[in-house]
Each structure stands twice: as structure tokens, then as C-alpha cells.
Amino acid sequence: MKIVFMGTPDFAVPCLDICYENHEVIGVFTQPDRPKGRGKKLAAPPVKEKALKYGLDIYQPEKLKTPEMVTLLKELAPDCIVVVAYGQLLSKEILDIPERGCVNVHASLLPKYRGASPINWCIVQGEKETGITTMYMDVGLDTGDMIHKDVVSIGDDMSFEELYMALLPMGAQVLAKTLDAIENGSAPRIAQNDEESSYAPLLNKQNTMIDWHKSAGQIHNHIRGLNPIPVALTTYEGDRIKIFVSELTDMKTEQTPGTIINVSKSGLDVATGDGVLRLKEVQFPNGKRLAVSQLILGHNIEIGIVLGQ
RNA sequence: CGCGGAAUAGAGCAGUCUGGUAGCUCGUCGGGCUCAUAACCCGAAGGUCAUUGGUUCAAAUCCUUUUUCCGCAA
């Protein structure tokens, strides 16, 4: 099939590989280069880097919903448009262009966790399993009819990073299966049950701060679901510190939530709204990400200090 | 040149403001204690104080060049 591929971050790259290997990619759409990092350096999205290696035609429109882009896509005349974490919505006009429809790869078991950060939210909410869903796109946000679904289980201490690495190749596998089915006309159309849907909003600075009044289990999920991006935050004596890894304990306490009740090589034991959570890996300002056993060699962490104040 | 911070032993840090003997906690090595140990005791090795130039009798410390790293903001 002739495919137009739309995608931007790392997660979309293996999907581009699959399209390139099994089909004819006649155009790649990705977000424009943006100033990134500390200086102001212009950085190309990962999908663009890979498309350049393949020598594919690259388009980076600021806005996709323009008459020029619609005309361009009509001229390209793809059989199918594949969208993976592109970052822009497609209008009805564009959705109607490819004869075999527009396919989206989404990193959750739809209709749950529609939206921008499904992988993070699955862990934060303590889900036991998640997966990849492919669907025919419609004008809604991740609301189209589903095609294929693959499931992966989530371990109790699995971090976002680990789950992400598991889903990365899976996305490409499911996409490959889906494209084959579309090509030979055997792709199902399974409507989503909106009653069961939930939404995974983009994570921002507001919801990365740890609320120590929650239970140890909830905070543990929060920390591992945000590790390493965008990472759970709290404060220590006014300094913002990042928390990467935590561990559940059997301990109980009546201390104010956030209070450091013990410091050892094993970690920082912190009181929560329900139970005690042991912090294993943290990062202080100007410092590197450190295991607590390393941290306490040079930092004097005082018992009794209350985090998050 | 978006804003700010940092670079000191293998690791994590103090010392810099106020220039004057290179320090702490770990780790490593040797020895001791112990039924034994990641525990405890004694001892040792290990630094061109990131880099360039300057000021000074004297620079980790003050001024300056470059590089790298971190946080914020995007």
C-alpha cells in the first residue's frame, strides 16, 4: 500500500520502520523542528531523523488543517494514513482522503486511557495490564473503531520506563498486523463502548508533585508511573527534589504525612497518609540522580524534616 | 548568545564569601577482633582542586578563556 506516515517522538519510530519495510511510504509528516534543551538549539523530532536516513519525503507543517495541506495530501493520494503520536489532530476532510482509511496506534487498551499520556496514567492508577490498540480514526480523540488489541501485564514495581520499552516494539508489531489486515480486507471494525472510556490528560507540573496525604501505595504508583519522565517531585527544605524509585514497606506511623522518619543505606522512610514509603533513588538540585546509599555519603538528611512543605 | 547552578581522591560532598599545611563520609588495600559478617578497631595508598591566561610574596579560593554536567523555562 501507499502510506503517508504521521508521527513525532521515539515511540513512533519503530512504527515508521514497519511501514517502510512492508509498504511504500510516500510521505512523512512530523512536527516542525523546535528549540530544545538548555541553549536554544533547534532539534529535529526522532521521526524526522529516521525518515532522513530512509531518504523519505518529509513535511513539517505548523498546522495540518489548512487548504494547502489538504490539497497536498490529495495529490499524494495515499491508500492509507498511519498516525502515531503525531501531535496534531486530523480534520474530517483529511480523514476522508485515503481510500482505506486512517489508522492510529494508541498505547492503551481502548476505550480506557484515551489521550496524550496513557502509559504514565496506567501505572499511576495501579492498573495490572495495558497494551496497544489500533483503530480507524474519526474526528474524536482516540474514539474510532478498533482493529487489533494486544495486552501486556504490568508488574507491581514496573516503572514507566520499563513499560514504555515493552510497548515500543509491541506498537510496531500490532501495526504490522493491522496493515496486513487492511490490505487484504480482513480488518474488523469494533466500536468503542463510550461508557467504559477514561481520559489520560497530558502530565504537567501541576500533577507531578507528590501528595503525601495519599496512601503509600498510591504514591508508589505515582512515582513509578512518572519515572523517569516527567518524574515525581517534592520539596526538601524549600528545594525541589525528584523522586525516581520507591519501595512499599509494612511499617505504620502516626507522623505527619511527608515526615522523614528514618534514614539508612536502604532508603529514606517517609510517612504518608496511610503507611510508610521508602524512597530509594532521588535527585537534589545541581546533583545527579543518586541511590540513597550514595546520597547520604555527602548529604546530611535530617530525620524529622517534612517533605512537600 | 532564554534564566540560574555546578566541576575538589574510585563515589558522594565540605572547604571558596574572609587567599596562607588538601578535608569528611564511603569504597579500595594491609593488619586486628570475631564461630562469623555488609559489623567493630588500627593503619596505608590514592588529588596538576575541569581547562586557559591574569592579579599576588602566596590561588581550590579573586578576575578571565574554553569545555562538560545539572535545574528551570520552552
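All chains are named by letter (A, B, ...) in the order of the sequence lines, taking the proteins before the strands, and each is independently numbered beginning at 1.
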Under 4.0 angstrom, heavy atoms only, what part of the nucleic acid is R34(A) near: base, sugar-phosphate, or nothing?
-> nothing
C70(B) and U8(B), which share atom name P, separated by this distance in whole Å | 14 Å
For A50(B) versus C63(B), give the span between their P atoms, rounded off to a whole number of Å.
-> 15 Å
Rounded distance in Å - CZ (R240(A)) to C1' (G4(B)) | 13 Å
Roughly, in whole Å, what's the span from CD1 in I229(A) to C1' in A74(B)?
-> 15 Å
Are R114(A) and Y199(A) in a cation-pi setup, meaning NZ or CZ lies under 6.0 angstrom from the ring centre and within 45 degrees of the ring axis?
-> no
For residues Q60(A) and K48(A), is any side-chain donor paired with an opposing acceptor at under 3.5 Å?
-> yes
Mind checking the C1' distance from A7(B) to G20(B)? Whole angstroms is fine.
-> 24 Å
Every protein N/O within reach of nucleotides 6-12 of chain B N/O, cut-off under 3.5 Å:
{"residue": "A11(B)", "atom": "O2'", "partner": "Q294(A)", "partner atom": "OE1", "Å": "2.2"}
{"residue": "G12(B)", "atom": "OP1", "partner": "K288(A)", "partner atom": "NZ", "Å": "3.3"}
{"residue": "G12(B)", "atom": "O2'", "partner": "Q294(A)", "partner atom": "O", "Å": "3.3"}
{"residue": "G12(B)", "atom": "N2", "partner": "L297(A)", "partner atom": "O", "Å": "2.8"}

Inter-nucleotide P distance (U28(B), A38(B)), Å rounded | 9 Å
Over how many whole Å does the gap from D239(A) atom CG to C72(B) atom C1' extend?
-> 13 Å
Of K40(A) and K265(A), the one whose nearest nucleotide on RNA chain B sits closer to the 5' end is K40(A)
When you compare A36(B) with A22(B), how far apart are their P atoms, in angstrom units rounded to a whole number?
-> 42 Å
Under 4.5 Å between side-chain heavy atoms, chaining through other members, with only Ile, Leu, Val, Met, Phe, Trp and Tyr counted: pull out the rest of the cluster around M6(A), sorted by chain and number.
-> V4(A), I26(A), F29(A), Y59(A), L64(A), M69(A), V70(A), L72(A), L73(A), L76(A), I81(A), V83(A), Y86(A), L90(A), I94(A), L95(A), I97(A), M137(A), V139(A)
Side chain to side chain, I241(A) and T234(A), heavy atoms closer than 4.5 Å = yes
G-U wobble or Watson-Crick pairing nucleotide for A59(B) (cut-off 3.5 Å, both distances) | none
If pairing requires Watson-Crick or G-U wobble contacts with both distances under 3.5 Å, which nucleotide is the partner of G4(B)?
-> C70(B)
Taking the same atom, P, in G47(B) and in C41(B), what whole-Å distance lies between them?
-> 27 Å
What does A44(B) pair with, Watson-Crick or G-U, if both distances are under 3.5 Å?
-> U28(B)
Sticking with atom P, work out how far G19(B) lies from C57(B), rounded to a whole angstrom.
-> 15 Å
State whether K242(A) places a side-chain N or O below 4.0 Å from either non-bridging phosphate oxygen (OP1 or OP2) of G71(B).
-> yes
Nearest-Å distance once atom C1' is located in both A6(B) and U51(B) = 15 Å
Would you classify P285(A) as touching base, sugar-phosphate or nothing, given that sugar-phosphate means primed atoms plus P, OP1 and OP2, and contacts are heavy atoms under 4.0 Å?
-> nothing
base_contact_polar (G71(B) base, R38(A) side chain, donor-acceptor, <3.5 Å) | yes
Is the shortest distance from a Lys or Arg side-chain nitrogen in K92(A) or D138(A) to a carboxylate oxygen in the other one below 4.0 Å?
-> no
Quickly work out the Q283(A) CD to C69(B) C1' distance and round it to whole Å.
-> 11 Å
For G37(A), answer base if it contacts any base atom (sugar-phosphate contacts may also be present), sugar-phosphate if it contacts only those atoms, and nothing otherwise; contact means non-hydrogen atoms under 4.0 Å.
-> base
State whether a side-chain donor-acceptor pair under 3.5 Å links H220(A) with D157(A).
-> yes
Give a yes/no verdict on a cation-pi contact between R189(A) and Y136(A), requiring under 6.0 Å between NZ or CZ and the six-membered ring centre and an angle within 45° of the axis.
-> yes
Side chain to side chain donor-acceptor pair (under 3.5 Å) assessment of Y113(A) paired with D142(A) | CA-CA 9 Å; Y113(A) 301 103; D142(A) 300 325; over 6 Å; no
